[in-house]
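None of the values given here were measured: they were computed from a predicted structure.
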Amino acid sequence: MSTTPSGLGVLQIEPTDHCNLACRMCPPHRDRWDQVHGVAKGTLSNEVHDRLLERLVEEDCYFDHVIYQWLGDPSLHPALEDLLIGASQRLAGRVGYLRADTNGILFGEQRLDRLVAGRNPDVPLLLVFTLDAASPDTYRRVKGRDGLLRVRRHVRHLLRRRRHSANLHLQVQFVVQRENAHEAGAFLSYWRDAWACHGREGGFFEVLFKPLSVDGGAAGQAESDRLYRTTLEEQAIFPEDHGGFAVRVWEDPPWQAAGARGPCAALWMTPVVRHDGRLQMCCADLQGQLGLGSVQEHGFGALWQGRRATELRLAQLQGKFEGPCVGCAGVNWYRLNEEHVASTYRRAMELGLTQVTLQPSSARSKGDPVEIT
């Protein structure tokens, strides 16, 4: 994962905000909220998706990668495989890779075979399965229902299929929490054995361990981070890379751990298109308070470089954190660079929002504010 994604960053497209699990870590679905974004739950229509891809091509947009998932499980979309196939064909040359994150319960062998056979193999595809357990009992406690054995079958099916499909990559995730920490080592052993049995050929296969995020880094995050570190140490889990098989561990702390807060990279690098076609600025903004408007009506570029987006970025560059940003830990796995800062001020000047003098980086110390006149 690059700390500074290329192009316009990492675009998330939400196939649906419905979910078939009730994970302990996920209040919207654990508590069965009637609304997740402050609007009625829904499913991305084929028409909205087709128009979105059309607008991205028309506007000559490029992204580091595109993720099909936000606040629901994308496999509940009855045509998820068709969305991915269409994106692989129409966004070829415009994305580094496509990605879909799913619990995998409904993403069965027939749907997976259709996806593998129909996709453009020149566009890499990463399928991420969130499991968080090594036994059915723990899976049920963490996820709220059964499903582990079914998901294992689906992932193993893909491990076998990778031998015959170029650029098909897989990842299984384990979010460490009190209810499952004792199974982290067993989880790694199971998937290491599965790869050795079925998946030595083909694309890469990763096992990722992550700490539980507590309300965007609020009270309780330090305890969660300690549990995560202790679990990895006691069960001898550390980064590995053997070519086709890798173990990844999450190492990026929330901004609070650094002692100083800077602008959040999300406002530059994580655009999200909600299931109704509206563009949002940040994947951590559950209620959609940082909405920009309809991509279908206005296009991506006009919104992403528009007045509201520029005002929000400008405020953070000046140390002003408002709305959902006040108590959020930030999207800490990406980093801003000099060009992000400079381009924001240039755009602000074009829109008449401010007049600035941007000192060259050589004349400023890291973290110094831009001089505003």
Side-chain angles (χ1 to χ4, degrees), residues 4-15 17 37-39 42 44-68 70-71 83 86-87 90-96 98 263-318 320 322-325 331 334 336-337 339-356 358 370:
T4 304
S6 61
L8 292 167
V10 178
L11 174 64
Q12 287 187 233
I13 298 174
E14 182 180 66
D17 55 358
H37 301 295
V39 298
L44 178 70
S45 71
N46 292 338
E47 292 76 19
V48 169
H49 182 251
D50 288 344
R51 181 56 178 155
L52 169 61
L53 297 184
E54 184 179 279
R55 293 302 295 260
L56 295 178
V57 173
E58 288 175 353
E59 297 180 36
D60 201 27
C61 295
Y62 291 79
F63 296 95
D64 189 88
H65 59 282
V66 176
I67 302 175
Y68 278 76
W70 190 17
L71 294 182
L83 302 184
R90 299 175 69 175
L91 298 182
R94 300 181 179 277
V95 295
L98 297 176
C264 179
L267 301 191
W268 285 261
M269 300 185 199
T270 65
V272 184
V273 176
R274 203 167 61 188
H275 62 80
D276 58 1
R278 296 186 66 81
L279 180 63
Q280 312 293 315
M281 286 201 77
C282 177
C283 59
D285 175 24
L286 302 192
Q287 295 298 325
Q289 297 177 63
L290 304 180
L292 299 178
S294 170
V295 175
Q296 288 183 288
E297 295 177 9
H298 304 288
F300 180 89
L303 295 173
W304 195 240
Q305 300 299 334
R307 188 178 187 88
R308 173 166 167 75
T310 304
E311 288 174 337
L312 290 167
R313 295 184 185 116
L314 196 62
Q316 292 223 350
L317 288 173
Q318 298 172 359
K320 301 173 185 176
E322 301 174 347
C325 303
V331 176
Y334 299 135
L336 293 184
N337 59 29
E339 178 53 31
H340 285 118
V341 176
S343 64
T344 297
Y345 280 103
R346 285 196 298 267
R347 185 58 177 154
M349 292 176 65
E350 293 170 356
L351 294 171
L353 297 174
T354 188
Q355 292 182 332
V356 302
L358 182 63
V370 172

Please lay out, stage by stage, how Y334 and H340 fare under the test ring pair (Phe, Tyr, Trp, His ring centres under 6.0 Å). CA-CA 12 Å; Y334 299 135; H340 285 118; over 10 Å; no

Flag the pair L312 / M281 as yes when at least one side-chain heavy-atom distance between them is below 4.5 Å, and no otherwise. yes

Between T310 and R347, the two heavy atoms sitting closest are OG1-CG, 3.4 Å

Grab the two heavy atoms, one from L303 and one from A309, that are nearest each other, plus how far apart they are. O-CB, 3.6 Å

Hey, mind stepping through R274 and D276 against salt bridge (Lys or Arg N to Asp or Glu O under 4.0 Å) and telling me if it holds? CA-CA 5 Å; R274 203 167 61 188; D276 58 1; 2.7 Å; yes

Mind checking whether P324 and L286 have side chains closer than 4.5 Å, heavy atoms only? no

Write down the atom of L8, the atom of F63, and the distance for their closest heavy-atom approach. CB-CE2, 3.6 Å

Given side chains that start at C-beta, do those of Q280 and L290 come closer than 4.5 Å, heavy atoms only? no

Separation between OG1 (T270) and CH2 (W70), nearest 0.5 Å, reads 9.0 Å

If you take all heavy atoms of L279 and P271, which pair is closest and at what distance? CD1-CB, 4.0 Å

Salt-bridge test for E58 and R51: reply yes if a basic N is under 4.0 Å from a carboxylate O, no otherwise. yes

Results of salt bridge (charged side-chain N to carboxylate O under 4.0 Å, His left out) for E339 - residues two or more places apart only: R346

Just how far is it from atom CG of L56 to atom CZ of R90, taken to the nearest 0.5 Å? 9.5 Å

Flag, side chain of Q12 to backbone of V272, donor-acceptor distance under 3.5 Å: no

Just do the side-chain contact (heavy atoms from CB on, under 4.5 Å) check on V95 and H65 with the steps written out, would you? CA-CA 5 Å; V95 295; H65 59 282; 5.7 Å; no

Which pair of heavy atoms, one from V295 and one from F300, lies closest together, and at what distance? CG1-N, 3.9 Å

Distance-only, no hydrogens or angles: does the D17 side chain make a donor-acceptor pair with backbone N or O of G42 under 3.5 Å? yes

For L44, does its backbone N or O pair with a side-chain atom of E14 as donor and acceptor, under 3.5 Å? no

Any donor-acceptor pair under 3.5 Å linking the side chain of R313 with the backbone of L267? yes

Closest heavy-atom contact between W304 and L292? CE3-CD1, 3.8 Å

Any ion pair linking R308 and E311 (charged N to carboxylate O, less than 4.0 Å)? no

Audit row: R94, V66, side-chain contact (heavy atoms from CB on, under 4.5 Å) steps and yes/no: CA-CA 10 Å; R94 300 181 179 277; V66 176; over 6 Å; no

Do R307 side-chain atoms and L351 backbone N/O form a donor-acceptor pair below 3.5 Å? yes

With rounding to the nearest 0.5 Å, note down the distance linking CG in L71 to SG in C283. 9.0 Å

So, do L83 and P15 sit near enough that their side-chain heavy atoms are less than 4.5 Å apart? yes

So CG of L11 and CG of L91: to nearest 0.5 Å the spacing works out to 8.5 Å

